[in-house]
Each structure stands twice: as structure tokens, then as C-alpha cells.
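Here's the structure, in C-alpha cells; my notes come after.
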Amino acid sequence: MKFSKPLCDLPLQSPRGSLHVLIVGSGAVGLSCALWLLKTGHRVTVFDPNPPLEDIDYRGACSFGNACSIAYGAVTPVAMPGILKDVPSMLTNPLAHLSIQWRNFPELIPWLLQFIRSSKSERVLEIVNELADLMRLAEAGIAPLLQESGSQHLIRNRECLYLYKSEEKYQQAQYGLQLRASQGVRMETLNAAQIYEREPHLTPVYHKGVLFLDAYSLESPHVYMKNLAKSILQRGGQFVRQQVDEIVLGDDHVQLRVHGMLGECADQVVVAAGAWSKKLLYADDQVLLNTERGYHVMFPDSGKLLTTPTCYPEHGFYMTPMMDGIRAAGTVELGGLGAAPNLKRIEVIEKATRQLIQGLGHSSDTWLGHRPSMPDSLPVIGQSPHSKRIIYAFGHGHLGLTLAGITGRLVAEIAGGHTLSKNINALRPHRF
Ligand SMILES: Cc1cc2nc3c(=O)[nH]c(=O)nc-3n(C[C@H](O)[C@H](O)[C@H](O)COP(=O)(O)OP(=O)(O)OC[C@H]3O[C@@H](n4cnc5c(N)ncnc54)[C@H](O)[C@@H]3O)c2cc1C
């Protein structure tokens, strides 16, 4: 049985009639919210200085350069039991696949404390339940958007492969794999011969593999984002190329302040500005959002060397074949929003990829992206405690491409006053 669960169609009219909704941010989450809102009869204006429209540089958005994986099965949080013992190496080794930059340490402390609290076994079980619940609805959230935006041809690989170099590494992964299995995630174990048969260009440093049967990848997340933006325009949605400074609430409306000027009055606002969303919180709303920086390196001539998106968890990055070649993407660096890329980390990813795939050609594009991350690996989806006119939708961490569609649908349900497809209490903004 497939991991995904169907949802009934959302009515074209919402119980609250047609609303004007302002959306801040045109990453995967903002665009998915915009399209779902348009599909359910609302008027939408998206604010972003750099939306994914023709010729605009979209590289600043995390949705530009991710590992392209629709990762059904990724229902375990980043903070798993035992993470505490990794904190010293996170602090002392800036090249570890999970690392913390010292200059960010003081401001990171509240986030780190909750991160560590979230790693307790009983809390991990709650998070896994919640993530799995959301993940089972993810296909019902993204499939209508892939279809409407003409992006179904971007679906490339069904399945995704995790590899382990030794029996010890495989055994260490069992706790997480069993948690996934307990939620009905479909997996198949492969031995070294089966891995070789599937992927003959991988250097045979693997011992065993696990194939996630319901995952798939997209040929290019950037092209998907461009397609979503085109569909939004086709449905009458508008883009405003401006950075929003502030949300201003009136008695019966909401407005955005841009360059000191107040904009049009609207019924609702959705904050979907990814890792930058904290700056836009209303009044004294508090959210423990931080950023996990991640990188990618492209190998443009090597696309034929791999068929399945592949990850060695110990290296912390995916190798995904896509339309532009192979993309090696991942690792986690708790390093804040402003700092320059750490070029040494890019070198580490490139070197490791060369060790893992034989005959890899030259590398080209490299990229730093900012994941919007909550300490418990659950996104924020819900209204501000101050006002139902303000909806927060950010903090999707490692799963923003996968969960953007269902987030968009839930946001359309909240805004329009529909019955929610899922209880979102665990995702409320002020849960910490
Ligand atoms: C290396 C790496 C690999 C990844 N791999 C995967 C994967 O395989 N699968 C998966 O599901 N997820 C993956 N992710 C995570 C995923 O990319 C993110 O969770 C997702 O892109 C976040 O989308 P978003 O819309 O919240 O934010 P973003 O894509 O960052 O978009 C935020 C937008 O808000 C705009 N903005 C910011 N401030 C303002 C403002 N004040 N006013 C107006 N606009 C503003 C920005 O310009 C930006 O366009 C990966 C991430 C990284 C870094």
C-alpha cells in the first residue's frame, strides 16, 4: 500500500467568500499557498524582491537549490536521541556534516536547548507521528500543483536510496528505520550485489542499502518554482517585487509596510518568507526559527552516472541526478543568515562525491542555501495568537519542497474557513 492518503477536493468557493490575501515570500511554500488560494476562489498578491519569474536571480531562495527530493519517508526529526553527544564535535569541527559556527553560538542557545529537548525518545515519537501524519497528506497537497503548473514531466526518479558502509553503520540506522517502518513507510533492503546492479558507477564502499519506495525526485526545483509562478499569473495572481518591512493590522483589514509606505488593505496575510520570516512576526509574536545552512555542488556532465537519488547518512548530503547533471546537496551548518559561504564545506562535499561516484566529471555551480528550521523539525502552520488575519507558514527545514503543497492547501483551508484536512495544533507558531 502506498504511503500517501487521498484528500477530497476543496470546494471552489470558500465559506468566507472571496478574500484578498497578501503573501510574503515566493519560495516553494509561498508559491504553493498562492496557487491553492487562487484555486479556491481568492485574490492573491505575492511580495518578494526576487520571485522566480523569467530572468530574475532566484538563487537567494532556499527553494532554488535543494536536493530535489520529494522525501516521503523522511518522518524522523534531525534531533534524534543521542544528538547531545555530537554537540562538542559540532562546535569543534567546522567541516562536520552537522556543525555550529562559534560566532552564532550565543544567539543560538534557546534554539539549541529546544533542539536537544526535542531529541528525547518520547518527544521523538510524538514528532514522528506528527511528521508522518503530515507526510501522508503531502502527495494530495503537491500533486494538484504539479498538474496545474504542467510540471508532471519533472517527476524523474521514483524511489530514493540510503547507503551504509558497514554493518555497524547499518545497525546504527535501525532505530530510525524502525520508526519509519512503524509509520508504514515502504522500504526494501538491498545487499551490495543488488546495489551494484542498480548503480554500477557508485564506488563499492557500500555494505547495505535501503530503498524508499514512495519517494521521488524532480528534474529541477527551480523550473518547478518558475512553473508555479506562471500558473499564479495565469490565474490572475500578482507579484510585487518588493521586500516587506512590517505587517500592520487594522480593525477590519491588514496591510504591509514596504519602504515606509503602507500598501493596499487586504483580508489576510500569509508570512512565508522562509528563514527570514522571524523579521516579519507581528508585535510580540515569538517563534524559535533559525537557519540550517546547506550547500550544493553541480556535476553537469555526469547525469548518466546515477539513476536513483542516493544518500550516505554519514556524509549528510544527497546525490541527485537531475536535468542539469548530478547535484550533491546537503549538510547542516548552524551559521546564521548573514555570513558568506564556507568554501571549505563545498570542497568537502565535492571531494566526498568524487570518492562515492566513479568517473565524475568537472564541477560547476556551487550554492549556499538557508533552510528555515525549527528545533523540533516540524513546520509552523497556523494563525498568529494576535489575529486570525495573519497566517504563519514557514520553518519547513529539510522538507520544504516535500511539504510545501500540503502547507499551501492547509493555509487555503485556514484562510477560507474550511474544515481542516488535519489537526494543526502541534504546528502552532507559539508552541515553545
Ligand atoms: C542543501 C539543501 C537541500 C535540500 N533538499 C531538500 C529536499 O531534497 N527535499 C525537500 O523537501 N527539501 C529540501 N530542502 C529544504 C527546502 O529547500 C526548504 O525547506 C524550502 O526551500 C523552504 O522554502 P520556503 O518557501 O519556506 O523558503 P525560501 O525558498 O527560502 O523562500 C523564501 C522567500 O522569501 C523571500 N523573502 C524573505 N524576506 C522577505 C521579505 N521581507 N519580503 C518579501 N520577501 C521576502 C525570499 O526572497 C525568498 O524568495 C533542502 C535545503 C537545502 C539547503
Side-chain angles (χ1 to χ4, degrees), residues 22-34 45-53 56-74 97 135 138 142 160 215-218 221-222 224-225 228-229 239-247 256-259 269-281 289 291-297 309 311 316-320 322 327-333 337 341 345-346 349 366-374 377 379-381 392-408:
L22 311 174
I23 296 179
V24 189
S26 66
V29 176
L31 295 170
S32 303
C33 292
T45 310
V46 183
F47 289 74
D48 195 316
N50 297 306
L53 297 170
I56 294 176
D57 182 359
Y58 189 58
R59 293 175 66 88
C62 194
S63 304
F64 167 83
N66 55 48
C68 328
S69 179
I70 307 298
Y72 300 145
H97 74 79
M135 201 66 93
I142 194 174
C160 158
Y216 58 87
S217 68
L218 297 183
H222 188 197
Y224 175 43
M225 296 304 113
L228 287 178
F239 285 89
V240 176
R241 286 196 64 188
Q242 300 284 359
Q243 180 165 316
V244 173
D245 297 326
E246 194 190 2
I247 296 171
L256 296 177
R257 196 185 302 279
V258 173
H259 293 311
V269 62
V270 179
V271 177
W276 297 270
S277 299
K278 217 165 155 177
K279 292 182 194 152
L280 293 157
L281 297 178
L289 177 71
T291 185
E292 292 174 70
R293 299 176 3 142
Y295 294 84
H296 87 209
V297 183
C311 171
F317 64 86
Y318 273 71
M319 299 172 288
T320 309
M322 54 186 291
R327 173 174 288 174
T331 76
V332 170
E333 185 183 34
L337 283 171
R345 287 184 79 83
I346 293 174
I349 296 176
T366 61
W367 172 80
L368 162 67
H370 295 89
R371 296 183 191 89
S373 297
M374 297 295 289
S377 300
V380 166
I381 306 174
Y392 294 133
F394 50 77
H396 294 68
H398 294 235
L399 295 170
L401 182 66
T402 309
L403 295 178
I406 185 59
T407 302

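What you see below is based on every heavy atom in this structure, not just the backbone, and it leaves out hydrogens, waters and symmetry mates. Note that ligands are numbered from 1 as they come in the structure, with each ligand's atoms numbered from 1 the same way.
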Under 4.0 angstrom from ligand 1, any heavy atom of [X]?
{"X": "Ala275", "value": "no"}
{"X": "His296", "value": "no"}
{"X": "Ala71", "value": "no"}
{"X": "Phe47", "value": "yes"}

Checking [X] side chain against [Y] main chain: does a donor-acceptor pair fall under 3.5 Å?
{"X": "Ser277", "Y": "Val271", "answer": "no"}
{"X": "Ser32", "Y": "Gly408", "answer": "no"}
{"X": "Arg59", "Y": "Phe64", "answer": "no"}
{"X": "His370", "Y": "Ala275", "answer": "no"}
{"X": "Thr291", "Y": "Arg371", "answer": "yes"}

May I ask you to list the atoms of ligand 1 that are less than 4.0 angstrom from any heavy atom of [X]?
{"X": "Val29", "answer": "24 (P), 25 (O), 26 (O)"}
{"X": "Gly330", "answer": "1 (C)"}
{"X": "Ala61", "answer": "29 (O), 30 (O), 48 (C), 49 (O)"}
{"X": "Pro49", "answer": "43 (C), 44 (N)"}
{"X": "Leu280", "answer": "41 (N)"}
{"X": "Gly397", "answer": "15 (C), 16 (C), 18 (C), 19 (O)"}
{"X": "Tyr295", "answer": "1 (C)"}
{"X": "Gly25", "answer": "33 (C), 34 (O), 35 (C), 44 (N)"}

Heavy atoms only: give me the nearest Thr331-Phe317 pair and the separation to one decimal. N-CB, 4.2 Å
Which atom of Tyr58 lies closest to which atom of Gly27, heavy atoms considered: OH-CA, 3.2 Å
Could you tell me whether [X] and ligand 1 have an N or O pair separated by under 3.5 Å?
{"X": "Ser69", "value": "yes"}
{"X": "Val24", "value": "no"}
{"X": "Asn66", "value": "yes"}
{"X": "Thr402", "value": "yes"}
{"X": "His398", "value": "yes"}

If you measure from atom 30 (O) of ligand 1 to every heavy atom of Cys62, Gly274, Ala329, Ala28, which option wins on shortest distance? Cys62
Of Ala67, Ser63, Gly65, the one whose closest heavy atom lies nearest atom 29 (O) of ligand 1 is Ser63
From CD1 (Ile247) to CG (Leu256), nearest 0.5 Å: 6.5 Å
If you measure from CG on Leu403 to CD1 on Ile381, what distance do you get to the nearest 0.5 Å? 7.5 Å
Please evaluate residues Tyr318 and Cys160 with respect to the criterion side chain to side chain contact (heavy atoms under 4.5 Å, CB included), reporting the C-alpha separation (whole Å), side-chain torsions for both, the decisive distance (0.1 Å), and the verdict. CA-CA 10 Å; Tyr318 273 71; Cys160 158; 3.8 Å; yes
Which residues pass the ring-ring contact (aromatic ring centres under 6.0 Å, His included) test with His398, sequence neighbours left out? none
Among all residues two or more places apart in sequence or in another chain, which pass the ring-ring contact (aromatic ring centres under 6.0 Å, His included) test with Tyr72? Tyr216
Can you list the steps and then say if Arg257 with Val244 is a side chain to side chain contact (heavy atoms under 4.5 Å, CB included)? CA-CA 6 Å; Arg257 196 185 302 279; Val244 173; over 6 Å; no
Which residue and heavy atom of the protein sit nearest [atom], plus the separation:
{"atom": "atom 38 (N) of ligand 1", "value": "Trp276 CB, 3.5 Å"}
{"atom": "atom 2 (C) of ligand 1", "value": "Arg371 NH2, 3.8 Å"}
{"atom": "atom 33 (C) of ligand 1", "value": "Asp48 OD2, 3.5 Å"}
{"atom": "atom 31 (O) of ligand 1", "value": "Gly27 CA, 3.3 Å"}
{"atom": "atom 39 (C) of ligand 1", "value": "Ala273 CB, 4.0 Å"}
{"atom": "atom 42 (N) of ligand 1", "value": "Val244 N, 2.9 Å"}

Measure the shortest side-chain to side-chain distance between Leu53 and Arg241 over non-hydrogen atoms and say whether it is less than 4.5 angstrom. no
Find out whether Tyr224 and Leu401 are in side-chain contact, i.e. whether some heavy atom of one side chain is under 4.5 Å from a heavy atom of the other. yes
For ligand 1, does [X] get within less than 4.0 Å through its side chain, its backbone, both, or neither, judged by non-hydrogen atoms?
{"X": "Cys68", "result": "backbone"}
{"X": "Gln243", "result": "both"}
{"X": "Arg293", "result": "neither"}

side-chain contact (heavy atoms from CB on, under 4.5 Å) partner of Thr320, chosen from Cys68, Ser69, Pro221: Cys68
